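Working notes for the structure below.
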Amino acid sequence: MILFFLLCVTPFSADKVEIIKQEGTSVIHLLGNVKIEDEHLKIACSEASLHEAENYVILIDDVSIIDENGKIHAGFAVYYFDEKKGYLRDSVVLFTGSEIIRADSLYYDGVDELVQMFGDVTIEDKKNNLMAYGGQGWYNLAKDEGYLMEGPRLEIMRENKEPMRVNAQEFKLLAESNEFFGFDSVTVVFDSITVYCDTFSFDLKEDHGTMVNPVVLEKNNELRGETGQFKMKDKQIESFSVHRGWSTYYTDEGSKNIVEGKEINIIFRDGEAIKIIVNGEPSGILRLKRKEENAGNE
């Protein structure tokens, strides 16, 4: 093992060191068990090229970068020491305090604590049992919040149940406050319920969601409103409510009811709607199911 120091007093070591003169400057080529470390930074890889004049390094194979913001693994990276910035690609994985971020490629800014992710992005929030996917996004490591775009979707894991799945055009993730927001053409699916709305927010600790212009479908039943909210208990729906709403639903006997009001509340038990409450100028239409006539009667 050979140990050297950069001009900026950053120590490095490797199995083999080559110093190459290129266009009036020196490039230090490191091979095998490469380590570059100071009190705030630890870099490891299989091969590296240190460019002293520009104070950056090219890292190849089994790359690991560790600083106060977390740990990053990748197959290839370029890192600038002065700016604390880097570009990484090939199976990039970033480990923070409570999230794991994966991407095809990633820009890292260690000063502003920002990350930009590209291509097959995955964010795993273990604290909130949340998986988020997208084609592009960014994450603020200091504030513990991020944004996902390009066909993003979320999955909220539920024990012994299918996850709640949410699709939207864009997502904002607020891991510190255990919330997320979905924007534009949002679809939420869980159990027998499908929700369509313009915007959607969900509190992952309180299991409470809010919606703008929701359309809620449950089997043949339908609920609409200007705004709405729902509450879950033990990851199962407990209640739905909409403001300035309209609903159509069928009874067990097959009767079809249509109701309107300033506020409509639907109460659930074991995932099934058991009660509907209409407040504020309620109105409705009841259409009873006709009894089938006996074919033998004339």
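Here the structure is a predicted model, which is why all the values come from computation and not from measurement. For reference, positions follow the sequence shown, starting with 1.
- Within a 6.0 Å sphere centred on NZ of K231, other residues, nucleotides and ligands contribute more than 12 heavy atoms.
- We find the CG-CD1 distance between L50 and I43 to be 8.5 Å, quoted to the nearest 0.5 Å.
- Residues C45 and L59 share a closest heavy-atom pair of SG-CD2, 3.8 Å.
- Listed for the D203 side chain is a donor-acceptor partner under 3.5 Å among the backbone atoms of K205.
- Judged purely by atom type and a 3.5 angstrom limit, T122 has no side-chain atom pairing as donor or acceptor with the backbone of R102.
- Under the 4.5 Å side-chain heavy-atom criterion for grouping Ile, Leu, Val, Met, Phe, Trp and Tyr, I266 is connected to V242 within one hydrophobic cluster.
- Taken together through direct or relayed side-chain contacts under 4.5 Å among Ile, Leu, Val, Met, Phe, Trp and Tyr, V17 and Y56 form parts of separate hydrophobic clusters.
- Electrostatic pairing of K16 and E18 counts as a salt bridge here, judged by a charged N lying under 4.0 Å from a carboxylate O.
- Residues in residues 128-151 take part in no salt bridge (charged side-chain N to carboxylate O under 4.0 Å, His left out) pair, two or more places apart or across chains.
- Side chains of V189 and V166 form no contact here, defined as non-hydrogen atoms less than 4.5 Å apart.
- Residues S49 and V27 have side chains in contact (heavy-atom distance under 4.5 Å, counting atoms from C-beta outward).
- For the pair E155 and R165, the salt-bridge criterion is met [side-chain N within less than 4.0 Å of a carboxylate O].
- Residues K161 and Q236 form a side-chain contact, since some pair of their non-hydrogen atoms from C-beta on lies under 4.5 Å apart.
- Between V278 and G261, the shortest heavy-atom distance links the atoms CG1-CA, 3.8 Å.
- Checked against the 6.0 Å centroid threshold, F230 and F268 do not count as a close aromatic pair.
- Heavy atoms of other residues, nucleotides or ligands lying less than 6.0 angstrom from CD of E159 number 12 at most.
- Under the 4.5 Å side-chain criterion, counting only non-hydrogen atoms from C-beta, I100 is in contact with V93.
- Rounding to the nearest 0.5 angstrom, the gap separating the CG atom in D104 from the CD atom in Q136 is 12.0 Å.
- When hydrophobic clusters are built by joining Ile, Leu, Val, Met, Phe, Trp and Tyr residues whose side-chain heavy atoms come closer than 4.5 Å, directly or via intermediates, M149 is not grouped with F200.
- From N213, atom CG reaches atom SG of C197 across 8.5 Å, with rounding to the nearest 0.5 Å.
- Panel note: side chain D191, backbone I193; no donor-acceptor pair is recorded below 3.5 Å.
- Nearest heavy atom pair, residue M211 against residue V195, reads SD-CG1, 3.5 Å.
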Next on the checklist: I'd like to know whether N129 forms a side-chain contact (heavy atoms from CB on, under 4.5 Å) with I156, so could you lay out the CA-CA distance, the side-chain angles of the two residues, the decisive distance to 0.1 Å, and finally the verdict.
Outcome noted: CA-CA 6 Å; N129 294 319; I156 303 167; 5.7 Å; no
Checklist entry - Taking it one step at a time, do M117 and I101 satisfy side-chain contact (heavy atoms from CB on, under 4.5 Å)? => result CA-CA 9 Å; M117 306 90 71; I101 299 174; 3.8 Å; yes
Item to check | Trace of the side-chain contact (heavy atoms from CB on, under 4.5 Å) decision for L41 with E68 | outcome: CA-CA 8 Å; L41 176 70; E68 59 270 19; over 6 Å; no
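- D38 places a side-chain N or O within donor-acceptor distance of the main-chain N or O of H40, the cut-off being under 3.5 Å.
- At a threshold of 4.5 Å between side-chain heavy atoms, the hydrophobic network of Ile, Leu, Val, Met, Phe, Trp and Tyr places Y108 and W138 in two separate groups.
- Considering every non-hydrogen atom in both L173 and F180, the closest pair reads CD2-CB, 3.8 Å.
- Counting heavy atoms from C-beta on, the side chains of V186 and Y196 never come closer than 4.5 Å.
- In this structure, the side chain of K127 engages the main chain of A175 through a donor-acceptor pair within 3.5 Å.
- The distance from the OG atom of S185 to the CG atom of N167 is 10.5 Å, given to the nearest 0.5 Å.
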Item to check | side-chain contact (heavy atoms from CB on, under 4.5 Å) evaluation trace for E99 with K126 | outcome: CA-CA 6 Å; E99 287 83 39; K126 291 188 174 182; over 6 Å; no
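- By the 30° and 60° cut-offs, the orientation of the rings of Y87 relative to F76 is perpendicular.
- A pairwise comparison of heavy atoms in Y139 and G146 identifies CD1-CA, 3.6 Å as the closest pair.
- In the hydrophobic cluster analysis, where Ile, Leu, Val, Met, Phe, Trp and Tyr join through side-chain heavy atoms closer than 4.5 angstrom, L154 is grouped apart from F181.
- By the 4.5 Å heavy-atom criterion applied to side chains, D109 and V115 are not counted as neighbours.
- By the 4.0 Å N-to-carboxylate-O rule, R224 lies close enough to E222 to be salt-bridged with it.
- The shortest distance between side-chain heavy atoms of D61 and V63 does not fall below 4.5 Å.
- Taking CG of N221 as the reference point, atom OG of S247 lies at 7.0 Å (rounded to 0.5 Å).
- Atom CZ of F95 has more than 12 neighbouring heavy atoms from other residues, nucleotides or ligands inside a 6.0 Å radius.
- Inter-residue side-chain proximity for V188 and T194 is flagged as unmet; no heavy-atom pair is nearer than 4.5 Å.
- The CZ atom of F202 lies 10.0 Å from the OG1 atom of T210; values are rounded to the nearest 0.5 Å.
- Between T248 and W246 the shortest heavy-atom distance is CG2-CH2, 3.6 Å.
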